[in-house]
Protein chains: 2
Amino acid sequence: MTTHATSRTDRRRATEARILDSARGLFAAKGFDRTTIRAVAASAGVDPALVMQYFGSKRGLFTQAVQAPSSAPRTSEGGEAGDGEALLDHLLVTLGLKLGGLPDGTLAMLRSMLTDPAAADHARGALDRQIAGIGDALSTDGDAGDAELRAALIVTTMVGVTIGHQLLSLTTLRDAPADRVTALLRPALEALAQPPG
Amino acid sequence: MTTHATSRTDRRRATEARILDSARGLFAAKGFDRTTIRAVAASAGVDPALVMQYFGSKRGLFTQAVQAPSSAPRTSEGGEAGDGEALLDHLLVTLGLKLGGLPDGTLAMLRSMLTDPAAADHARGALDRQIAGIGDALSTDGDAGDAELRAALIVTTMVGVTIGHQLLSLTTLRDAPADRVTALLRPALEALAQPPG
DNA sequence: GTCTATAGACAGATAGAC
DNA sequence: GTCTATCTGTCTATAGAC
């Protein structure tokens, strides 16, 4: 009977996934501190104690929620793009202005990184890694000493636009079509991608 | 005796100022939620009840702290700069990479705006106003329909760099001299300031 | 006016019934 | 395995002693 259509393990996994989805949504909307285990449980239609049983602690739930693959479309995180133009295209897509926004896991991280030290560490690590990757890509063609600094400015620029658009809903940005935003942003990023000389 | 060197009112104002300074520092470092009245009182060397007595509530303390003029140098907030080049210079100064960082009041707002709805409203309003101001300045010389959108991207870019530098302490940005950052950022902002055609 | 004591609420985590 | 009940801690805010 363990090969049944919906075994015990299957049901458990399904419940776990539902909890993680609810957690992602709430963490993305309200951040780590203001999201309660109770609210996650209510949203997922389970008992609060069950959430603890599955994930051990609120921190454990957060970590799993932001790391686990969500049902939303995945925008590749690593900066493993080709060269020049392709890199910028890749970055502009990563911005998530197309396809209706970034996955909730990413939004949860962005939302919490300024107030939760653990989230800040995680985000710092991820951004530093992305900066290093882009820095390498930038220093191959047209070299300069500050490729990594330019990469950092590219990344932080995109973080800023993302925050303004997805998390703050600045009226001007929210009402603008994605194509227009990317079109206007492209020359600016190109300026950063090119060596200063 | 009311004209004494340090009257009762003077002492009260001094204590109030000390509390506000402590509050600004803690709000800037840890955000609204994680900053407690107790911690502010301890940092200022007063009784927690006194803080409540003076400011009514934690929210009142936060509002006063981020709005009141601090002892730190003030970077003009309004976007009342001249034209073109002067505007960019003004913005690059506002970035606060020079003069050792932004005032704690501003940092407290930035720190809390993603997780505290009241702070988010405040920040949204301030940023929207700044965007409108810059948008007006951009549409005077060299007109285009999306001046305000370009202004929004300029502002969010600076927000992103500020967050990466002051609040996340991204290693690449923290170790870079301010001149280098502003020098690299200038062409990017110029690209955004110019009409797409 | 300033501080002590505490009310009142809410959260995360745990123990044990079923 | 799942849920009820509760423990423990922390916070804002208030009431009242001094």
Side-chain angles (χ1 to χ4, degrees), chain A residues 1-2 4 6-20 22-27 29-66 108 111-112 115-119, chain B residues 1-2 4 6-20 22-27 29-66 108 111-112 115-119:
Chain A
M1 287 301 187
T2 54
H4 227 42
T6 57
S7 69
R8 259 182 298 269
T9 319
D10 282 345
R11 290 186 128 270
R12 146 122 196 185
R13 281 200 207 286
T15 310
E16 226 181 70
R18 213 169 62 248
I19 293 172
L20 283 175
S22 296
R24 252 188 301 273
L26 286 172
F27 281 134
K30 308 175 54 165
F32 181 80
D33 286 343
R34 299 214 177 181
T35 298
T36 65
I37 300 268
R38 286 162 158 90
V40 171
S43 165
V46 301
D47 192 274
L50 197 66
V51 179
M52 293 298 297
Q53 184 75 13
Y54 283 179
F55 302 96
S57 68
K58 183 180 176 181
R59 179 68 55 191
L61 174 62
F62 181 76
T63 306
Q64 295 257 6
V66 300
R111 175 82 71 188
S112 306
T115 39
D116 179 61
Chain B
M1 287 303 188
T2 55
H4 226 43
T6 59
S7 69
R8 259 180 299 269
T9 320
D10 281 344
R11 289 186 129 273
R12 147 125 195 184
R13 281 200 207 288
T15 311
E16 226 182 68
R18 211 169 63 246
I19 293 172
L20 283 175
S22 296
R24 253 188 300 272
L26 285 171
F27 281 134
K30 308 176 53 166
F32 181 80
D33 285 343
R34 299 212 176 182
T35 297
T36 65
I37 299 269
R38 287 159 156 87
V40 171
S43 165
V46 300
D47 192 274
L50 196 67
V51 179
M52 294 297 298
Q53 184 76 11
Y54 283 0
F55 301 97
S57 68
K58 183 181 176 180
R59 180 67 55 189
L61 175 62
F62 180 76
T63 306
Q64 294 257 3
V66 300
R111 175 82 70 187
S112 306
T115 39
D116 178 62

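Keep in mind it's a predicted model, so treat the numbers as computed, not measured. By convention in this document, chain letters (A, B, ...) are assigned in the order of the sequence lines, proteins followed by strands, and residues within each chain are numbered from 1.
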(request) Please tell me which of A/T35 and B/Q53 maps to the more 5' nucleotide of DNA chain C, matching each residue to the nucleotide holding its nearest heavy atom. (result)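 Per heavy-atom nearest nucleotide, the more 5' residue is B/Q53.
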
(message) If you assign each of A/R59 and B/R12 to its closest nucleotide in DNA chain C, which residue comes earlier from the 5' end?
(response)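 Whichever sits nearer the 5' end wins; that is B/R12.
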
Proximal nucleotide (of [options]) relative to the [X] side chain:
{"X": "B/M52", "options": "D/dA13, D/dT2, C/dG12", "answer": "D/dA13"}
{"X": "B/L50", "options": "D/dA13, C/dA13, C/dT2", "answer": "C/dT2"}
{"X": "A/T36", "options": "C/dC3, C/dT2, C/dG12", "answer": "C/dG12"}

(request) Could you tell me whether the phosphate oxygens of D/dT2, OP1 or OP2, come under 4.0 Å of any side-chain nitrogen or oxygen in A/Y54? (result)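 For A/Y54, the contact criterion (side-chain N or O under 4.0 Å from OP1 or OP2 of D/dT2) is met.
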
What is the distance, to the nearest angstrom, from the [atom1] atom on [X] to the [atom2] atom on [N]?
{"X": "A/R38", "N": "C/dT14", "atom1": "CZ", "atom2": "P", "result": "14 Å"}
{"X": "B/I37", "N": "C/dC3", "atom1": "CD1", "atom2": "P", "result": "15 Å"}
{"X": "B/D33", "N": "C/dG12", "atom1": "CG", "atom2": "P", "result": "13 Å"}
{"X": "A/D47", "N": "C/dC18", "atom1": "CG", "atom2": "P", "result": "16 Å"}
{"X": "A/R8", "N": "D/dG1", "atom1": "CZ", "atom2": "P", "result": "7 Å"}
{"X": "A/E16", "N": "D/dG1", "atom1": "CD", "atom2": "P", "result": "13 Å"}
{"X": "B/F55", "N": "C/dT2", "atom1": "CZ", "atom2": "P", "result": "13 Å"}
{"X": "A/I19", "N": "D/dG1", "atom1": "CD1", "atom2": "C1'", "result": "13 Å"}

(message) Name the residue from A/R59, A/K58, A/R111, A/R34 that meets the salt bridge (Lys or Arg N to Asp or Glu O under 4.0 Å) definition with A/D116.
(response)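 Option passing the salt bridge (Lys or Arg N to Asp or Glu O under 4.0 Å) with A/D116: A/R59.
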
(message) With a sphere of 6.0 Å drawn around CZ of A/R13, does it hold more than 12 non-hydrogen atoms of other residues, nucleotides or ligands?
(response)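 Counting neighbours around CZ of A/R13, 12 or fewer heavy atoms of other residues, nucleotides or ligands fall under 6.0 Å, so no.
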
(message) For the NZ atom on B/K30, are there more than 12 heavy atoms of other groups (residues, nucleotides or ligands in this structure) within a distance under 6.0 Å?
(response)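 For B/K30, atom NZ is not crowded (no more than 12 foreign heavy atoms under 6.0 Å).
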
(message) In terms of relative ring orientation, are A/F62 and A/F27 parallel, tilted or perpendicular, with 30° and 60° separating the classes?
(response)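 Plane angle over 60°, so perpendicular.
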
(request) Give one of base, sugar-phosphate or nothing for A/T15, where a contact means two heavy atoms less than 4.0 Å apart. (result)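 The residue A/T15 makes no contact with any strand.
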
(request) Report yes if the side chains of B/F55 and B/I37 come closer than 4.5 Å at any heavy-atom pair, otherwise no. (result)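 Heavy-atom side-chain distance check fails, nothing below 4.5 Å.
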
(request) Report the residue (A/V46 or B/A49) whose heavy-atom-nearest nucleotide on DNA chain D is the more 5′ of the two. (result)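 Here A/V46 is the residue nearer the 5' end.
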
